[in-house]
2 protein chains.
Amino acid sequence: MQMDKRKKILESALKLFVEFGFHGTPTSKIAANAGVSNGTLFHYFGTKEELIKELYIAVKEELNSFLSSKINASDSMEEVFRKFYQHSIYWGLDNKEKFHYVQQVHFSPHIFQIPESVLQEQLQLHLGLIEQAKATKVIKNLPTNLVYTLMLSHVNGIYTYVLHLPANKRKAVIDDGFAMIWDMFTE
Amino acid sequence: MQMDKRKKILESALKLFVEFGFHGTPTSKIAANAGVSNGTLFHYFGTKEELIKELYIAVKEELNSFLSSKINASDSMEEVFRKFYQHSIYWGLDNKEKFHYVQQVHFSPHIFQIPESVLQEQLQLHLGLIEQAKATKVIKNLPTNLVYTLMLSHVNGIYTYVLHLPANKRKAVIDDGFAMIWDMFTE
DNA sequence: TATTTTATAGAGTGATTAGTCAATCTATAT
DNA sequence: ATATAGATTGACTAATCACTCTATAAAATA
């Protein structure tokens, strides 16, 4: 019941921040859009900055736990990579605003409000996976951060491209996209 | 003389927008930082939005003409691609704020203020090159936009990675990075 | 039931900001 | 020398915004 309003505020903030930007979105409009009063917004989030920050953390956590839910212990290393890759893109297509919001924060000064420890922790899932793949010689022995950064860029690139494609033509591109990047990191 | 102030305003806006964001940068601070009065800013730029837009266009034009200046008619197709790739990254490293600003605008609602025709025109240089390479069978026959998007993503990825690297270790990564992406698009 | 804590509302406030305006200055052209 | 156009200023304004405060209702706790 109480969390309901908190959630509604976050949803409204997401929608409005993506559409109008941080500047173009007054807290009053967020509250109105969420169907709560001005005061209620500040009851849940001490400042606008905190709202921006908590929204970012919540969205990234959602994506991470979504990805985790997609893999099983029996998956091969390549299968895990493929699933992470594919489901990142599918999740983005199903959650366009959230996907966009992450990048919006990333290229704004608000990124500096996110504690380094939080950013680091959200990376662990991916970095650990890459190190495991390197240790078992599944992928080439390149710096972990380089592999991560290039894979992330590739995901963003494919996402950007398929976004403007009719839905029925997306799968082929996404599948080919994985083959391309997988080639890049295997012998 | 007159253009001097206009230029100073653009320089100050770039610096402050990147550091404090659009929201966190009042026009008054831009004017003060540029050493001009409030009124002068609005003499050159009708609105804050227009300043954001003109700065974006100017930066992208600068990058494009920088890239154009690096190639000669005698270059092979592969040389042209390599130069575009390498010099995009080097230019970014030499102009971090500008490189960042382009992406900052891209993931903000201000991108919609840039006329589609301008965006399209700024792409022509790259798209034309890719089509030429496809026509002469230098690269695989993939959709032009896909090639462009993936190359751009790769450039951003490598840039992001080398940014946090000591300067003397960058060249090797950049060179390897080109080999990786070139492999991806050639047989 | 009585008491305390939490949730919600919404009017109010002080500060800030984008943009205006009238006045002055500078430069060039005639 | 005079006229004209553009450049520059900075005080001013109307609007907006983040956040506070007081009051009340609901819920949890004792």
Any side-chain N or O of K5(A) less than 4.0 Å from the OP1 or OP2 oxygen of dT8(C)?
yes
Could you tell me whether K15(A) and E19(A) make a salt bridge, using a distance below 4.0 angstrom between a side-chain N and a carboxylate O?
no
Would you call K171(B) and Y90(B) a side-chain contact if the rule is heavy atoms closer than 4.5 Å?
yes
Rounded to the nearest angstrom, tell me the gap between atom CZ in F45(A) and atom P in dC19(D).
13 Å
Can you see if the side chain of Y44(A) gets near the phosphate of dT8(C) - specifically, an N or O under 4.0 Å from OP1 or OP2?
yes
Whole-Å gap separating P (dG19(C)) and CD1 (I9(B))
14 Å
Atom CG of L41(A) and atom C1' of dT20(D): how far apart are they, to the nearest Å?
13 Å
In whole angstroms, the gap separating P of dG10(D) from CZ of F42(B) amounts to 16 Å
Using the six-membered ring wherever Trp is involved, compare the ring planes of W91(A) and F66(A) and label them parallel, tilted or perpendicular (cut-offs 30° and 60°).
tilted
Under 4.0 angstrom between H43(A) side-chain N/O and dA7(C) OP1 or OP2
yes
Please work out whether the ring planes of Y101(B) and F22(B) are parallel, tilted or perpendicular, with thresholds of 30° and 60°.
perpendicular
Nearest whole Å is fine: how far is dT16(C) C1' from K48(B) NZ?
11 Å
Qualifying residue for side-chain hydrogen bond (donor to acceptor under 3.5 Å, both in side chains) with H110(B), from K48(B), K53(B), E49(B):
E49(B)
Length of the CG-C1' vector between D4(A) and dT6(C), whole Å
16 Å
For DNA chain D, what residues of residues 17-39 of chain A have any heavy atom nearer than 4.0 Å?
T25(A), P26(A), T27(A), N38(A)
Could I get the full list of side chain to side chain donor-acceptor pair (under 3.5 Å) partners for K134(A), not counting sequence neighbours?
T144(A)
In whole Å, what is the span from the CD1 atom of I52(A) to the C1' atom of dA18(D)?
12 Å
